[in-house]
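Letters A, B, ... mirror the listed sequences (proteins, then strands); counts begin at 1. Just the heavy atoms: all of them, side chains too, but no hydrogens, waters or symmetry mates, feed the values below.
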Amino acid sequence: MNANSLIEDLKARGLIAQMTHEEELAEHLAQGPVTLYCGFDPTADSLHLGHLVPLLMLKRFQDAGHRPIALVGGATGLIGDPSFKDQERQLNSEEVVQQWSECLKAQISRFITFDGEGGAILANNYDWTANVDVLSFLRDIGKHFTVNKMIAKESVKQRIEREGSGLSFTEFTYQILQSYDFQQLNSKYGCTMQIGGSDQWGNIVGGIELTRRVNGAATHALTLPLITKSDGTKFGKTEGGAVWLDAKKTSPYAFYQFWLQTPDADVYRFMKFFTFLPVSEIDAIEAADRERAGRPEAQRILAEQMTALVHGEAALQAARRITDALFSGDLSELSADDYAQLEQDGLPATQVPAELADLPLTTLFTDAGLATSGKQVKDALQRNAVMVNDQACGMEQNMNAAQLFAPEAARFGKYFLVKLGKKKHHLFYLV
RNA sequence: GGUGGGGUUCCCGAGUGGCCAAAGGGAUCAGACUGUAAAUCUGACGCGCAAGCUUCGGUGGUUCGAAUCCACCUCCCACCA
């Protein structure tokens with residue numbers, strides 16, 4: 001893919017929020033492989049869906065022949081980015097941030113290729129920040145920033161103007177640190193472009209300026225739009241919180257289900273954002289869905305693409321097996337092997353406690369993680385929305401766990417499939 | 001350091017002595033309708049199967065009774081120094 005078609009493709013996907021001088025950027029990209037970077041701050045022990053778009057953007061550039069640098073913010077993660085946040089962040093300890101940095105590194109390396117020609121680079125800004133002394137920092141770097149400009153940035157505006165919160169000097173300094181990263185990467189690796197979420201525009205522009213002043217180098221920027229949902233709610237959240245890329249935090253099955261439940265109004269847009277399917281193909285899917293009455297294909301395709309991309313083909317198959325078993329028809333058709341497979345595939349599973357006599361279902365299911373409070377279980381019971389092995393349970397069964405989970409009632413002497421509502425499934429098993 | 005304003009249940013935000021587990025909205029969960037969609041309607045929404053138990057920044061006090069009054073403390077914000 002040449003430079004023009006890359007930009008054109010990104011545009012068609014709606015993946016560009018802002019660029020520095022489009023023609024110059026296009027020209028720059030056309031002149032040969034470009035080194036570009038995107039930063040990921042370790043704010044948790046895993047990346048989540050919000051990080052995926054920029055991460056995939058690096059891959060898109062790599063696929064187009066450019067060299068990506070994935071920068072882990074071991075230093076910036078210690079400070080906290082105030083951009084468009086309405087509250088001061090809690091500082092995390094150095095050990096924690098370091099450990100999180102390692103987690104991110106491992107995840108990032110699954111998406112971009114680090115070997116061979118044009119192999120990506122993995123960097124950590126801790127390396128060039130940790131040992132800078134205050135005086136050098138203030139004299140050599142700080143001197144290039146005027147507070148006037150820093151304050152005027154949209155990204156910190158609400159924090160400065162907002163009543164009821166403030167902005168610490170620590171976080172205020174963040175933009176300088178990020179700018180310093182760009183300048184350093186430019187020196188070390190000839191990095192000439194930074195990408196990031198549109199909320200990073202201010203920080204990125206700061207870096208461009210610093211790089212020009214210190215290195216005398218012209219650099220470029222491209223930002224990605226914030227992913228929004230048509231109904232105005234936040235993208236990438238489920239009842240359990242964020243959707244993580246770490247299979248231990250969000251199982252491939254849950255991940256697959258997340259995408260499968262994408263609203264129609266968002267699904268084609270999301271396909272363009274997240275998948276590597278050609279835009280023309282996505283348009284064709286959309287057209288076909290419109291022709292056909294009933295359920296669209298797009299969600300399934302999106303879910304398959306994403307699960308395979310993030311968790312691999314085997315995990316996708318597992319997620320599909322669970323989905324097929326739970327949502328298409330009769331549980332009595334499942335074999336003993338199928339049950340064992342469900343457990344292996346990552347369907348949440350819990351051992352049935354030995355003592356059931358005094359244990360209300362509300363407690364049992366809450367402990368298993370099926371619901372967050374007994375009230376929720378109670379509500380479901382009152383509406384007959386709880387199924388134990390296809391048997392609907394009402395409130396009167398609440399104290400009847402011993403009978404419901406008796407060995408005689410178990411499938412293949414071992415399994416109980418519990419359904420709460422239409423979508424929450426949980427496997428209980430006897431030892 | 002001074003003055004003024006403020007800290008309410010996940011979030012926003014009412015409440016200013018009993019009728020308050022605390023209005024309203026959002027988020028969330030469940031039901032109906034559907035397509036494991038959206039919209040809509042219904043119910044739940046501090047904890048507990050229940051009896052009941054625990055909340056309104058903290059600690060003490062006044063009162064038969066406090067989220068509401070008083071004292072002190074603490075944190076945040078604004079302005080002044």
Side-chain angles (χ1 to χ4, degrees), chain A residues 85-90 158-168 171 228-243 253-271 285-286 288-304 307 319-329 331 347 356-387 392-404 418-426:
Chain A
K85 304 275 185 331
D86 53 10
Q87 251 185 349
E88 182 82 8
R89 286 219 228 160
Q90 188 78 43
Q158 44 182 295
R159 279 284 285 283
I160 288 174
E161 288 175 356
R162 186 181 155 105
E163 204 165 320
S165 69
L167 173 63
S168 69
E171 283 194 22
T228 56
K229 276 178 44 175
S230 51
D231 63 4
T233 58
K234 226 175 179 171
F235 168 77
K237 293 271 194 265
T238 60
E239 42 155 330
V243 177
Y253 165 68
F255 189 83
Y256 180 83
Q257 285 286 321
F258 169 83
W259 291 106
L260 201 62
Q261 289 169 43
T262 305
D264 293 2
D266 295 320
V267 69
Y268 306 103
R269 212 159 41 91
F270 286 0
M271 281 176 121
I285 294 168
E286 184 172 3
D289 278 342
R290 231 196 324 258
E291 288 298 306
R292 183 171 356 96
R295 188 174 189 176
E297 285 289 290
Q299 279 87 348
R300 201 203 77 239
I301 297 170
L302 178 62
E304 288 175 357
T307 309
R320 290 190 54 178
R321 275 196 299 274
I322 299 178
T323 299
D324 287 346
L326 300 183
F327 288 92
S328 65
L331 293 181
L347 182 72
L356 288 168
D358 293 322
L359 193 67
L361 294 182
T362 47
T363 308
L364 177 63
F365 293 161
T366 307
D367 289 350
L370 246 179
T372 49
S373 78
K375 282 264 162 55
Q376 283 184 15
V377 179
K378 187 183 153 192
D379 182 48
L381 282 170
Q382 279 167 347
R383 291 156 180 275
N384 275 307
V386 174
M387 308 275 265
C393 299
M395 201 52 204
E396 70 284 354
Q397 303 278 13
N398 191 33
M399 296 309 294
N400 202 17
Q403 206 179 322
L404 284 167
V418 174
K419 190 163 116 169
L420 190 153
K422 272 181 284 206
K423 295 174 200 166
K424 287 182 196 164
H425 298 82
H426 200 99

(request) Compare all side-chain heavy atoms of Leu370(A) with those of Val377(A) and state whether any distance is below 4.5 angstrom. (result)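 When only atoms from C-beta onward are counted, Val377(A) and Leu370(A) do not touch, as no gap falls below 4.5 Å.
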
Considering Watson-Crick and G-U wobble pairs with both distances under 3.5 Å, what does [N] pair with?
| N | value |
| --- | --- |
| rC49(B) | none |
| rA14(B) | none |
| rU3(B) | rA78(B) |
| rA37(B) | none |
| rA44(B) | rU28(B) |
| rU62(B) | none |

When the distance from [atom1] of [X] to [atom2] of [N] is rounded to whole Å, what number comes out?
| X | N | atom1 | atom2 | value |
| --- | --- | --- | --- | --- |
| Lys422(A) | rA30(B) | NZ | C1' | 9 Å |
| Asp266(A) | rG35(B) | CG | P | 20 Å |
| Asp324(A) | rU36(B) | CG | C1' | 13 Å |
| Gln376(A) | rU28(B) | CD | C1' | 8 Å |
| His425(A) | rC29(B) | NE2 | C1' | 16 Å |
| Asp379(A) | rA44(B) | CG | C1' | 5 Å |
| Lys229(A) | rG26(B) | NZ | C1' | 14 Å |
| Lys424(A) | rA30(B) | NZ | C1' | 8 Å |

For [N] and [M], measure between their [atom1] atoms and round to the nearest Å.
| N | M | atom1 | value |
| --- | --- | --- | --- |
| rC45(B) | rU9(B) | C1' | 11 Å |
| rG18(B) | rU40(B) | P | 38 Å |
| rG13(B) | rG52(B) | C1' | 30 Å |
| rG31(B) | rG17(B) | P | 44 Å |
| rU8(B) | rA14(B) | P | 11 Å |
| rG46(B) | rU55(B) | P | 16 Å |
| rC64(B) | rU74(B) | P | 32 Å |
| rG43(B) | rG7(B) | P | 32 Å |

(request) Output the single nucleotide from rA37(B), rA30(B), rU36(B) whose closest atom is nearest the side chain of Ala385(A). (result)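 Nearest to the side chain of Ala385(A) among the choices is rA30(B).
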
(request) Just compare rG35(B), rA30(B), rU36(B) and give me whichever is closest to any side-chain atom of Arg383(A). (result)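 The closest nucleotide is rA30(B).
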
Would you say the side-chain atoms of [X] pair up with the backbone N or O of [Y], donor to acceptor, closer than 3.5 Å?
| X | Y | result |
| --- | --- | --- |
| Arg320(A) | Thr323(A) | no |
| Thr363(A) | Leu359(A) | no |
| Asp264(A) | Pro296(A) | no |

(message) Mind checking if Gln257(A) touches a base, just sugar-phosphate, or nothing, with heavy atoms under 4.0 Å?
(response)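 Answer is base: heavy atoms of Gln257(A) come under 4.0 Å of a base.
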
(message) What contact category does Ala265(A) fall into here, base, sugar-phosphate, or nothing, at under 4.0 angstrom with non-hydrogen atoms?
(response)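 Answer is nothing: Ala265(A) stays at 4.0 Å or more from every strand.
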
(request) Check if the side chain of Asp264(A) and the base of rG35(B) share a donor-acceptor pair of N or O atoms closer than 3.5 Å. (result)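 Check passes, donor-acceptor contact within cut-off.
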
(request) Could you tell me whether Asp266(A) and Arg269(A) make a salt bridge, using a distance below 4.0 angstrom between a side-chain N and a carboxylate O? (result)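 Looking at Arg269(A) together with Asp266(A), the answer is yes, because their closest N to O distance falls below 4.0 Å.
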
(request) State plainly whether the residues Asp379(A) and Arg383(A) are in salt-bridge range, i.e. N to O under 4.0 Å. (result)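 Between Arg383(A) and Asp379(A) there is a salt bridge, with a charged N closer than 4.0 Å to a carboxylate O.
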
(message) Using a 6.0 Å cut-off, check whether atom CD of Gln403(A) has over 12 heavy atoms from anything other than its own residue.
(response)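 12 or below, so no.
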
With 3.5 Å as the limit, what N/O pairs link the protein to nucleotides 47-54 of chain B?
residue : atom : partner   : partner atom : Å
rG48(B) : OP2  : Gly374(A) : N            : 3.3
rG48(B) : N7   : Lys375(A) : NZ           : 3.3
rC49(B) : OP1  : Thr362(A) : OG1          : 2.5
rC49(B) : OP1  : Thr363(A) : OG1          : 3.1
rC49(B) : O4'  : Asn398(A) : ND2          : 2.7
rA50(B) : OP1  : Lys378(A) : NZ           : 2.8

(message) Under the criterion ring-ring contact (aromatic ring centres under 6.0 Å, His included), I'd like the reasoning laid out for His425(A) against Phe327(A): C-alpha separation, chi angles, the key distance, then a yes or no.
(response) CA-CA 10 Å; His425(A) 298 82; Phe327(A) 288 92; 5.1 Å; yes

(request) Evaluate the ring planes of Phe235(A) and Phe270(A), with Trp represented by its six-membered ring, and classify them as parallel (under 30°), tilted (30 to 60°) or perpendicular (over 60°). (result)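 Phe235(A) and Phe270(A): perpendicular rings.
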
(message) For a quick test of reading the model: is some side-chain N or O of Arg295(A) closer than 4.0 Å to OP1 or OP2 of rA37(B)?
(response)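 The answer is no; no side-chain N or O of Arg295(A) sits under 4.0 Å from OP1 or OP2.
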
(request) Look at the side-chain N and O atoms of Lys419(A) and state whether any lies under 4.0 Å from the OP1 or OP2 oxygen of rU36(B). (result)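 For rU36(B), neither OP1 nor OP2 has a side-chain N or O of Lys419(A) closer than 4.0 Å.
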
(message) Can you work out whether Gly421(A) or Tyr256(A) has the more 5'-proximal nearest nucleotide on RNA chain B?
(response)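 Its nearest nucleotide being more 5', the pick is Gly421(A).
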
